[in-house]
Amino acid sequence: MEYNKLGKTDLSLSKLSYGASPLGNVFQNVDESVGIKTVHTALDHGINHIDCSPYYGLTKAETVLGKALKGINRDRYVLSSKAGRYGPEMSDFDMSEKRIRASLDESLMRLGVDELDIFYLHDIEFVDIDFVLSESLPCLEALKKEGRIRYFGVTGYPMQSFKKVIEHYDIDCILSYCRYALHDNSLTELIPELVKKEIGIINASPTAMGLLTHRGAPNWHPANKSLIDDCQKAVALCDKHGVNITELAMQFAVNHEAISSTLVGTANPNNLLKNLNWIENKPNQALIEEVRTLFSNQVWRSGKPENNDI
Ligand code: NAD
C-alpha cells in the first residue's frame with residue numbers, strides 16, 4: 001500500500017481508505033459482524049484511514065464502527081467524522097457552534113475514542129456558506145486549538161461551495177465525492193488552487209455511490225436518469241471487454257497524484273479485498289478513455305441553489 005501526506009498536515013494516509021457509511025445500512029442491510037470483519041480486513045491490509053458520520057444510518061455506522069475499533073491500537077488508524085448533517089432534509093442540517101460541539105461529544109462517545117484526527121462539516125452546500133464562514137469554521141478552529149480534534153475541513157458535492165470556503169478560510173482538507181470518478185472528473189478544476197494552498201484532498205465514492213457497479217445505484221441516488229442510463233451502458237461496454245466496471249472505476253479514482261486518499265465504502269470483506277488487489281494493477285487506459293466518452297450529463301444538483309455549479 002502506498003501512503004500519501006495530506007496537504008500541510010502531518011497525516012500520512014493510505015492511497016485507498018475505508019468509508020464506513022455502509023455500516024449504517026445505507027446501501028443494504030448489513031450483518032453487523034460482517035461489517036466489523038470488513039473494518040478489520042481494511043486495517044489488516046494496510047488501510048489506515050477510516051471515515052464516518054453521525055448521518056450514516058442516523059448514528060448506526062458510528063456505533064458499529066466504535067465496536068469494530070474497540071481494542072485496536074489508536075495509532076493504527078486516522079479517524080474522521082463529521083457534524084452538521086443529521087438527515088436527508090434541509091431541516092436536518094445544523095452547523096451552529098452549539099450543535100457542532102454536542103455532535104463531537106456524541107461521535108467520540110459512539111466511536112470510543114478521545115479525539116478525532118479530522119473533523120468535517122458535512123455537506124456544506126445545504127447551508128448558508130456565510131454562516132459556515134462566520135460560525136461553523138471558527139468553531140472547528142477553536143476545537144482544534146482545544147485539542148479535541150487534530151485537523152478540520154468541509155465535505156460536499158458542488159465545486160462552488162468549496163471554492164467559496166477556500167477563498168475565505170484556511171482549512172486543512174476537503175472531502176469531495178463523486179467528482180473524481182470514471183463518470184466525472186470535475187474535481188480537477190479545483191485541484192490547482194487546493195495544491196497552491198496546501199489543502200489536503202480526499203476523494204470519496206470511486207464507484208459513484210454504486211453507479212459504477214453491476215448492482216447499480218441505490219434508489220435514493222441523486223443522479224439523473226440519463227447518467228444512470230450512461231452508467232449502465234458503461235457496465236455493458238466493460239462486460240464486452242471482459243472487465244469488471246468496478247475494477248476500472250477503482251483504478252481510475254486512485255490514480256491522481258494530488259489526491260492523498262480515496263474512500264471506498266463496502267461492508268463486504270471480499271469486495272474490499274478485490275478493491276485492494278485491483279488498485280495495485282495498471283488500468284486499461286484505452287478502455288478508460290472509451291468508457292469516459294459515454295458520459296454526457298454527469299452532474300446533479302445538491303443543496304441550496306446558490307451553492308450549485310449548475
Ligand atoms: P462508493 O463509490 O465507495 O460505493 C459504495 C458502493 O459500492 C456500495 O454499494 C458497495 O457495496 C459497492 N462496492 C464497493 N466495492 C465493491 C466491489 N468490489 N464490487 C462491487 N460493489 C462494490 O460510495 P460511498 O460508500 O458513498 O463512498 C465511500 C465513503 O466516502 C463513504 O462511506 C463515506 O465515508 C465517504 N463519503 C462522504 C460523503 C460526504 O461527506 N458528503 C459523500 C460520499 C461518500
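Just the heavy atoms: all of them, side chains too, but no hydrogens, waters or symmetry mates, feed the values below. Start at 1 and go down the list; that is how both ligands and their atoms are numbered.
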Quiz item: Could you go step by step and tell me if His49 and Ser261 meet the side chain to side chain donor-acceptor pair (under 3.5 Å) rule?
Solution: CA-CA 9 Å; His49 171 38; Ser261 189; 5.3 Å; no
Exercise. Tell me which protein heavy atom sits closest to atom 21 (N) of ligand 1, plus the residue, atom name and distance to 0.1 Å.
Key: Thr213 CG2, 3.7 Å
Quiz item: Which protein non-hydrogen atom lies closest to atom 41 (N) of ligand 1, naming both residue and atom, and how far is it?
Solution: Asp123 OD1, 2.6 Å
Quiz item: Charged N to carboxylate O under 4.0 angstrom, Asp117 versus Arg74?
Solution: yes
Self-check item: Nearest-contact summary for atom 34 (O) of ligand 1 - protein heavy atom, Å
Solution: Asp51 OD2, 2.6 Å
Exercise. Verify the distance criterion only: is there a donor paired with an acceptor across the side chains of Ser81 and Glu62 at less than 3.5 Å?
Key: yes
Quiz prompt | Pair Asp170 + Lys197: basic N to acidic O under 4.0 Å | solution = no
Quiz item: Considering only protein heavy atoms, which is closest to atom 18 (N) of ligand 1, and at what distance to one decimal place?
Solution: Asn275 OD1, 2.8 Å
Quiz item: Would you say Tyr56 contacts ligand 1, with heavy atoms under 4.0 Å as the rule?
Solution: yes
Practice problem: Would you check the N or O atoms of Thr246, main chain and side chain alike, for any that come under 3.5 Å of an N or O of ligand 1? | Solution: no
Quiz item: Does CD belonging to Glu146 count more than 12 external heavy atoms closer than 6.0 Å?
Solution: yes
Practice problem: Going by heavy-atom distance to atom 4 (O) of ligand 1, choose the closest among Asn203, Thr207, Leu272. | Solution: Thr207
Quiz prompt | Exercise: do Asn268 and Thr266 side chains pair donor with acceptor under 3.5 Å | solution = no
Quiz item: Just which atoms of ligand 1 are under 4.0 Å from any heavy atom in Ala208?
Solution: 2 (O)
Quiz item: Which of the atoms in ligand 1, numbered in the order shown and given with their element, are less than 4.0 Å from a heavy-atom of Pro206?
Solution: 2 (O), 3 (O)
Quiz item: What protein heavy atom sits nearest atom 20 (C) of ligand 1, and how far away is it?
Solution: Asn271 ND2, 3.7 Å
Self-check item: Within-shell test, Trp278 vs ligand 1, heavy atom, strictly < 4.0 Å
Solution: yes
Practice problem: Taking only heavy atoms of Gly19 into account, list the atoms of ligand 1 that are under 4.0 Å away from them. | Solution: 29 (C), 31 (C), 32 (O), 34 (O)
Quiz item: Starting from atom 3 (O) of ligand 1, which protein heavy atom do you reach first, and at what distance in Å?
Solution: Gly265 N, 2.8 Å
Practice problem: Mark yes when over 12 heavy atoms from residues, nucleotides or ligands other than Asp114 sit less than 6.0 Å from its CG; otherwise mark no. | Solution: no
Self-check item: Numbered atoms of ligand 1 (with element) below 4.0 Å of Lys82, judged on heavy atoms
Solution: 40 (O)
Quiz prompt | Residue pair Leu43 / Ile50, side-chain heavy-atom distance below 4.5 Å | solution = yes
Practice problem: Would you mind finding which of His221, Arg215, Glu247 brings a heavy atom closest to atom 11 (O) of ligand 1? | Solution: Arg215
Quiz item: What about Leu237 and Leu212, same hydrophobic cluster or not, with Ile/Leu/Val/Met/Phe/Trp/Tyr joined at side-chain heavy-atom distances under 4.5 Å?
Solution: yes
Practice problem: Assess whether atom CE of Met1 is packed by more than 12 heavy atoms of other residues, nucleotides or ligands within 6.0 Å. | Solution: yes
Quiz item: What's the shortest distance from atom 44 (C) of ligand 1 to any protein heavy atom, and which residue and atom give it?
Solution: Ser205 OG, 3.3 Å
Quiz item: Hey, which atoms in ligand 1 end up nearer than 4.0 Å to a heavy atom of His122?
Solution: 39 (C), 40 (O), 41 (N)
Quiz item: Strictly under 6.0 Å, is that where the ring centroids of His45 and Tyr18 end up?
Solution: no
Quiz item: Got the closest protein heavy atom to atom 32 (O) of ligand 1, with its distance?
Solution: Ser21 OG, 2.8 Å
Self-check item: Distance filter under 4.0 Å to Ala20 heavy atoms, resulting ligand 1 atoms
Solution: 32 (O), 34 (O)
Quiz item: Ala204 heavy atoms, cut-off 4.0 Å: which ligand 1 atoms fall inside?
Solution: 30 (O), 35 (C), 36 (N), 44 (C)
Quiz item: Would you find more than 12 non-hydrogen atoms of other residues, nucleotides or ligands less than 6.0 Å from Lys144 atom NZ?
Solution: yes
